[in-house]
Asker: 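Just passing along the structure, written as structure tokens.
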Protein chains: 2
Amino acid sequence: MTRVVGRGGSPSVPRSADVARLAGVSRKTVSRVLNNEPYVSADVRRRVIEAAEELGYRLNNAARALASGRTRSIGAVALGTAGYGTASLLVAIEKVVRGSGYALRVVNTLDGEPDDIAGAVDSLLEQGVDGIIVSEPIVEGEVSVRVDVPVLFLGAPPAFGGSRAVTAGVGADLLAGAATDHLLDLGHQTVHHLAGPLRWYAARDRVEGWRTALTARGRHQPPLLEGDWSAASGYLAGRELAADSEVTAVFVSGDDMAIGLIHALTEAGRRVPHDVSVIGFDGNPVFAYVTPPLTTVRQPFDAAAREGLKLLIHTIEEPGTEVPSASDLPVELVVRASTAPPRSSSAGQRTSPSRSHPSQRSQA
Amino acid sequence: MTRVVGRGGSPSVPRSADVARLAGVSRKTVSRVLNNEPYVSADVRRRVIEAAEELGYRLNNAARALASGRTRSIGAVALGTAGYGTASLLVAIEKVVRGSGYALRVVNTLDGEPDDIAGAVDSLLEQGVDGIIVSEPIVEGEVSVRVDVPVLFLGAPPAFGGSRAVTAGVGADLLAGAATDHLLDLGHQTVHHLAGPLRWYAARDRVEGWRTALTARGRHQPPLLEGDWSAASGYLAGRELAADSEVTAVFVSGDDMAIGLIHALTEAGRRVPHDVSVIGFDGNPVFAYVTPPLTTVRQPFDAAAREGLKLLIHTIEEPGTEVPSASDLPVELVVRASTAPPRSSSAGQRTSPSRSHPSQRSQA
DNA sequence: CTGAAAGCGCTAACAA
DNA sequence: TTGTTAGCGCTTTCAG
């Protein structure tokens, strides 16, 4: 079969040989230019680039991957839910991945079950990726997959992947501690906690931070409530809490749950923040406009993605060498109006935040 | 260079030849089985599958793509914002894409500018995709890229891509009409509209639906307000609207904006829904738990993704043949408590919805 | 129903 | 600084 290139017949897609011919160099040289390799004279480089442009040449990634053994893409296993947190994290990941010269492949899992994760990782591996990001997997069970690429666990200890696994997080424990401290600083005797599903590492880390903050001040540690991240589950928990007049402050492990919880409290006649203070977790900006505006703690998704990918890409590109050290993630408390000093107390170190609309931020 | 496979030395990754050897067949037969091609005896098929499993064989997608010219992956150009709508759509897309045997590649654009889109499409093409999904691009400008694969425009007329472009939407005009009708049915004389940025097709379609509904009943058409999807912009618009005592009903082009708008209204002493009714757009479930619970219209993301991908995949796999006809998308009105009959009217055809928490749904 | 040979378009190693 | 020679691992002809 003869293939007519460049004229007549079907206007077939140009390959590197066509570029080489037009630029008057070898295919290897074209390859060098396209990969930004050194040892190419400026003149040749320019000619190649011009030729490529003239032909509308686009590199064939499959061929490149096959020949080089590297796909230049990274796979992400994400939670298939459309929550603000999940979505923000994925957007942050995409930005950093693309900025690093990799392409992103995404696979969602229904709810992070080990089998799901294993399946997701497997499909990523089959598609061909140089590295994998697993974000926020759950605790239980064991993920059994044979991975031969580095894996980054975002917000969780390595669940599999042996030697080439790295970890990074959003600093959930610190954030949770800051939230709890905020309430304590306001003068509350103790702080209740509505956690996310405890099978999630994210939920556990926050519980941990809450416990630590309480313990550090020698406060009584109330029983834990567990929700499922949804506003509906927050509502249910709120009904329970409303019945207990001891409750004056609640740290909720997610903004949506906090909204549900506040709704139940209000419905039961417990006013927020007058009777009960509530602080959320995530930082969805829309909740600056509900009544009362929600005090919350913002998750540093961008910073976490940047940190994590630095590690992952290092592990991919320079295996064996020391991994770069992690920098500190920002802890950003967004104080709005759902938190205030307890009713019968004047202990608040700060003036009670009671403005009704925008948000004051403070670095903790 | 001799390569030791299967034992000794480095435990190299198995290839199809290893599977073939173990199963006692040719490589081509292995390929047949893996691709579910016909004309393979059940016995051989079983043997191949067993051999593959025993070896832990994983097909090399780069090689497959290079040889076959098909990558079996689809690229999505998404809006790089973490809003509920955007995120839901992407999750829906991922589900359908994966369910169809394709892998998903994602590229975000900052805000849908033509140049961004062109760049995103280009990078997708370079990575190798069999089809592209562009979701919710904006109106202005022209996208100039040479695409040689089918393109699906979700919620917008084809912006480029010539002959192999297909379109599908969420039925934004119908949804907007239903929202407007709901308010009219309640007895309001007319309905104001806070739109999204008019450079977005999504925003325009909703304006269109609102206009049509108003015109159909010969109602006066108030001036249009324009926001940017954010709650903050809704708040600003709400301040304006609060000053106008004629306003009794507002259809807002997004839930977040609706929340901001309600906040401004309430702040100005106009009660919702007592003085002003507000209906949102999207269907984020968390807003069932704010005060007042937000009436809204749910976008059929799953159905839209399913419809659109049916078209796209058809165009990829059976070019030339007739495209399957589109089925109707559901219009789902979620009536909660932010809408009610106007104060001085008893025209509401239905009992005024004033329950305070969950959501009643109705098919319109 | 199964197999043998010939590439897909690129990069790696080596040479010049 | 550049070119030559071999493949990467699979699918595609085309024969059996």
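Protein chains get the first letters and strands the later ones, always in sequence-line order, with residue 1 at the start of each. From a predicted model like this one, the values you see are computed outputs, not experimental measurements.
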Asker: Between A:T29 and D:dG3, does any side-chain N or O lie under 4.0 Å from OP1 or OP2?
Answerer: yes
Asker: With a 4.0 Å limit, can you tell me whether A:S16 has a side-chain N or O closer than that to the phosphate oxygens OP1/OP2 of C:dG9?
Answerer: no
Asker: What integer distance in Å separates A:R58:CZ from C:dC8:P?
Answerer: 20 Å
Asker: Of all the choices, C:dC8, C:dG3, C:dC10, which nucleotide is nearest to the side chain of B:A67 once you look at every atom?
Answerer: C:dC8
Asker: Grab the two heavy atoms, one from A:G155 and one from A:Y201, that are nearest each other, plus how far apart they are.
Answerer: O-CB, 3.4 Å
Asker: Expressed in angstrom and rounded to an integer, what is the separation of B:R72 atom CZ from D:dT11 atom P?
Answerer: 8 Å
Asker: Does A:S41 place a side-chain N or O at less than 4.0 Å from the phosphate oxygens OP1/OP2 of D:dT2?
Answerer: yes
Asker: Surrounding CG of B:N35 (heavy atoms of other residues, nucleotides or ligands, distance under 6.0 Å), is the total greater than 12?
Answerer: yes
Asker: Can you figure out which of C:dT11, D:dC10, C:dG3 approaches the side chain of B:R27 most closely?
Answerer: D:dC10
Asker: Rounded to whole angstroms, how far apart are CZ on A:R64 and P on C:dA12?
Answerer: 9 Å
Asker: Without decimals, in angstroms, what is the distance between B:N35 CG and D:dT11 C1'?
Answerer: 8 Å
Asker: Using a cut-off of strictly less than 4.0 Å, decide whether A:S68 has a side-chain nitrogen or oxygen near OP1 or OP2 of C:dA12.
Answerer: no
Asker: Between A:S31 and B:K28, who's closer to the 5' end of DNA chain C by nearest nucleotide?
Answerer: B:K28
Asker: Measure from OH on B:Y39 to C1' on C:dG3 and round the result to the nearest Å.
Answerer: 17 Å
Asker: Got a salt bridge between B:R72 and B:D130, using NZ or NE/NH1/NH2 to carboxylate O under 4.0 Å?
Answerer: no
Asker: Is there a side-chain polar atom (N or O) of A:R15 under 4.0 Å from OP1 or OP2 of C:dG9?
Answerer: yes
Asker: Could you tell me if the side chain of B:I49 sits less than 4.5 Å from the side chain of B:R46, heavy atoms only?
Answerer: no
Asker: To the side chain of A:L66, which of C:dC10, C:dG9, D:dT13 is closest?
Answerer: C:dG9
Asker: Using a distance-only criterion (donor-acceptor N/O pair, under 3.5 Å, no hydrogens), is the base of D:dG3 paired with the side chain of A:R32?
Answerer: yes
Asker: Round to the nearest Å and state the distance from A:L59 atom CG to C:dC8 atom P.
Answerer: 16 Å
Asker: Between A:R164 and A:D148, does the salt bridge (Lys or Arg N to Asp or Glu O under 4.0 Å) criterion hold? Intermediate values first, please.
Answerer: CA-CA 8 Å; A:R164 311 191 60 191; A:D148 28 20; over 6 Å; no
Asker: Can you tell me the distance, in whole Å, between the CZ atom of B:R45 and the C1' atom of C:dC1?
Answerer: 11 Å
Asker: Would one find a side-chain N or O of A:S26 under 4.0 angstrom from OP1 or OP2 of D:dT2?
Answerer: no
Asker: In whole Å, I'd like the distance from the CD atom of A:Q127 to the P atom of D:dC10.
Answerer: 16 Å
